[in-house]
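The block underneath contains the structure these notes are about, expressed in structure tokens.
Chain letters run A, B, ... following the sequence lines, proteins first and then strands; every chain starts at 1. Only this structure's heavy atoms are used, side chains among them; waters, hydrogens and symmetry mates stay out. The model shown is predicted, which means the values in this text are computed figures rather than measured ones.
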Protein chains: 2
Amino acid sequence: MSSSVLRTQARSIAPGMDISEQRIILGDCIAELEKLPAASVDLVFADPPYNLQLQGTLHRPDQSLVDAVDDEWDQFASFEAYDAFTRAWLSAVRRVMKPNAAIWVIGSYHNIFRVGAILQDLGFWILNDVVWRKNNPMPNFRGRRFTNAHETMIWASRSPESKYTFNYEALKAGNEDLQLRSDWLLPICTGGERLKDKEGKKVHPTQKPEALIARVLMSSTKRGDTVLDPFSGSGTTAAVSKRLGRSCIGIERDPEYAAASRARLKGVETLPDEALAEIPAKREAPRVAFSSVVERGLLSPGAILVDSKKKVQALVRADGTIALGPSVGSIHKMGALAQNAEACNGWTYWHMETEQGLSPIDRLREQIRIEMAAIPA
Amino acid sequence: MSSSVLRTQARSIAPGMDISEQRIILGDCIAELEKLPAASVDLVFADPPYNLQLQGTLHRPDQSLVDAVDDEWDQFASFEAYDAFTRAWLSAVRRVMKPNAAIWVIGSYHNIFRVGAILQDLGFWILNDVVWRKNNPMPNFRGRRFTNAHETMIWASRSPESKYTFNYEALKAGNEDLQLRSDWLLPICTGGERLKDKEGKKVHPTQKPEALIARVLMSSTKRGDTVLDPFSGSGTTAAVSKRLGRSCIGIERDPEYAAASRARLKGVETLPDEALAEIPAKREAPRVAFSSVVERGLLSPGAILVDSKKKVQALVRADGTIALGPSVGSIHKMGALAQNAEACNGWTYWHMETEQGLSPIDRLREQIRIEMAAIPA
DNA sequence: TCCATCGGTGAATCTACCA
DNA sequence: CTGGTAGATTCACCGATGG
């Protein structure tokens, strides 16, 4: 089965037919991953353990200088163990990722450098590192370091060739029409969102805010995609997936966390269609050949095209090419030639005279696309 | 020789006896490091090649060509080759570090994970990862990723037992009496600060802003400390070291960069004693000031602040505190002191002389706030 | 003199599809 | 696989120019 078929299947969700499904699997992450079919998930979000054992082993009171040098074996052994664990789960995850899938991993300086290096070693392709800046971080108690006010997320595709999902236009539209940056400012998870048990104690020590996961999913999944969280914890990824109409497989080895997650999921409603509809990206719109503009009579052979300043003229020909002086070629090539540029989008460069003044020929393409959309495939 | 002796020697700088010295060594970093005495430097700042792995050319939407970092020194055959290079220079650097020394390494997602993991493997102890957020990064021209708006710095001590330098009190006093966070917002190096050759071309493709290095040195060195930069480049570390009364050894293998650095150093003046004197590191000590205004150059260290009636004068210092006669502290505390009041808003109390007359320093804060507000969260 | 406009540029792993 | 072509894509700041 080719990747394009997988992609098409996953993305063909008709509005009003929300078939998204979320489940929490109780078990060891690597063992459970091996039971899942290969190439079956669109996105992975992973919040792996920071290896507290490592910190315990390495953190000791100040010692004399002479002793300081020869503790390297312990350190090496502990880091080795963490690396082996990281390689194991990342390899297992990679198997179940579709060719065009991507992964997000979150961590702190204790573990993220090892995770990042191993991601690269395994063939993942880093797309961005994204910094989660916390509005309200825990202060540094002893005044010996900077307030640890951020965590790092690595966003990587399965391979350098992956055609990963990135909802650029939607993100930009929701951000004052500015590109989203690699530093995100969000509050930590507190208050009513934080899961508590009957005694009011927090259920999970590192519950992530839903806003963080929501931005991850909105940026790099389509509706109906399948999300995998191999360290599901309190179930935030599954909960946000359900709300946003994404399917989710969460794996969690702690029965209490798994139970809390399932209870949590019952209280989550999927947002209505209108709230989930994706804005169409220009680059995903169906292609229109300039010749079809001529064929449909929206422009007649012999018509004159001009640039926006009316300094350059070109002649429309019957075969869908245009003539710029002695040169003949596509609207793009002739636009590039007119500007002495390497490339040009002819649809926006060339204009035609109308009663309302100069109008880019892209208007004609939009007209054809509207007509095409009205015809059932 | 014990670490305390080393420490005392390095730190016993009498005011008025500035013996700081900066030199640029022309040569290969590892070969030159081997010539330096062991355990001789207090801080390392390293800006190693990032191993960008760029493919083709990139144009902006207006068809202009992006001047990419495709220099020979950034080319590595593989991750393995980059790792071997990283291990080699970090090991050589570690030998010349004093037992209590620390290191800063800056990088991007291309290399920083490998650097961080190798730092840990070699026995360094990570203290923080600090994010340099750029308020004016290059956008993502193709709309395929998040704007790469930050770089990552790792701050690590030579070993877990190192008694590293951290000027907590001064930093806090210079930051509105708040602990300094792990995310720093600073502009990239442009304008007059950027070194240009006779044709107006940039001398170095990746020159770092002085404000960034200044914050690094103000946070983790004492006056008179020796700073090492094994990839000295355009000499920013040496220049800032000189300005702040720190000694510096810069190693650079490119003769043109080395020559430009030496010329640059000649134009740098060490700040006067009053601006560099350290406040006592006691919790009861008067704290104060507004370091980002100073870092951004909106006020220079040594500048004079006055109250609205010009009856009181204070001196701006490099670490963002101010001096009022014999007292040193934050703008708020010194304002209260000047008025014999319990509390004071230093931003409105203190003024500066401008061509338009007296102006409260709050104007400068407003200026910075406008810049910050322009950045989407 | 001041303001508006315009051109230049910065550590960048920056396309998709068909023949 | 390679090669050719359609066609999509930018933000903040600095300095020069011009009215």
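Centre separation under 5.5 Å together with a plane angle under 30° does not hold for the ring of B:Phe141 and the six-membered base ring of C:dC14, so they are not marked as stacked.
Rounded to whole angstrom, the span from the CG atom of A:Leu337 across to the P atom of D:dT5 amounts to 14 Å. As rounded to whole Å, 16 Å separates atom C1' of C:dG10 from atom NE2 of B:His150.
Using a 4.0 Å heavy-atom cutoff across all strands shown, B:Trp132 reaches no nucleic acid atom at all. Counting non-hydrogen atoms under 4.0 angstrom, A:Ile331 reaches nothing in the nucleic acid. Among the heavy atoms of the strands, none lies under 4.0 Å from A:Ala289. Within 4.0 Å (heavy atoms only), B:Lys208 reaches at least one base atom of the nucleic acid. Residue-level contact check: B:Ser108 touches neither bases nor backbone, having no heavy atom under 4.0 Å from any strand. Residue B:Asp70 is out of contact with every strand shown, counting any heavy-atom pair closer than 4.0 Å. Residue-level contact check: B:Asn140 touches the bases, meaning some heavy atom is under 4.0 Å from a base atom. The residue A:Trp125 sits close to a base: some heavy atom pair falls under 4.0 Å. Counting any heavy atom pair closer than 4.0 Å across all strands shown, A:Thr348 reaches no nucleic acid atom. Across all strands, B:Arg144 comes closer than 4.0 Å only to sugar-phosphate atoms, never to a base (heavy-atom distances). B:Gly192 comes within contact range of the sugar-phosphate backbone alone, with a heavy-atom separation under 4.0 Å but no base atom that close.
A glycosidic torsion no more than 90° from 0 defines the syn conformation; D:dT9 lies beyond that range and is anti.
Listed nucleotides: D:dG7, C:dT13, D:dT9. Nearest to the side chain of A:Tyr168: D:dT9. When the nucleotides C:dG10, C:dA12, C:dT13 are ranked by their closest atom to the side chain of B:Lys202, C:dG10 comes out on top. In the set C:dA11, D:dC13, C:dT13, C:dT13 carries the atom at the smallest distance from any side-chain atom of B:Phe79. Considering only side-chain atoms of B:His110, the nucleotide from D:dC11, C:dA12, D:dC13 that sits closest is C:dA12.
B:Arg253 and B:Glu72 are joined by a salt bridge, as a carboxylate oxygen and a charged side-chain nitrogen come within less than 4.0 angstrom of each other.
Residue order along DNA chain C, read from the 5' end via each residue's closest nucleotide, puts B:Asp67 first among B:Arg142 and B:Asp67. Nearest-nucleotide positions on DNA chain C for B:Asn148 and B:Ser64 put B:Ser64 closer to the 5' end.
Dashed line: the shortest gap from a side-chain N or O of A:His332 to OP1 or OP2 of D:dA6 is not under 4.0 Å. Side-chain N/O atoms of B:Thr190 include none lying less than 4.0 angstrom from OP1 or OP2 on C:dG10.
The aromatic rings of B:Tyr82 and B:Phe76 sit perpendicular to each other, their planes meeting at more than 60°, with 30° as the lower class boundary.
The base of C:dA11 lies outside donor-acceptor range of the side chain of B:Lys134, with no N or O pair under 3.5 Å.
Spacing between D:dT17 and C:dT1 at atom C1', rounded to whole Å, works out to 15 Å.
Taking the six-membered ring for Trp and the full ring otherwise, A:Trp184 and A:Trp132 have centroids separated by 6.0 Å or more. In this structure, A:Phe290 has its ring center at least 6.0 angstrom away from the ring center of A:Trp350. Ring centroid separation for the pair A:Trp155 and A:Tyr164 comes in under the 6.0 Å cut-off.
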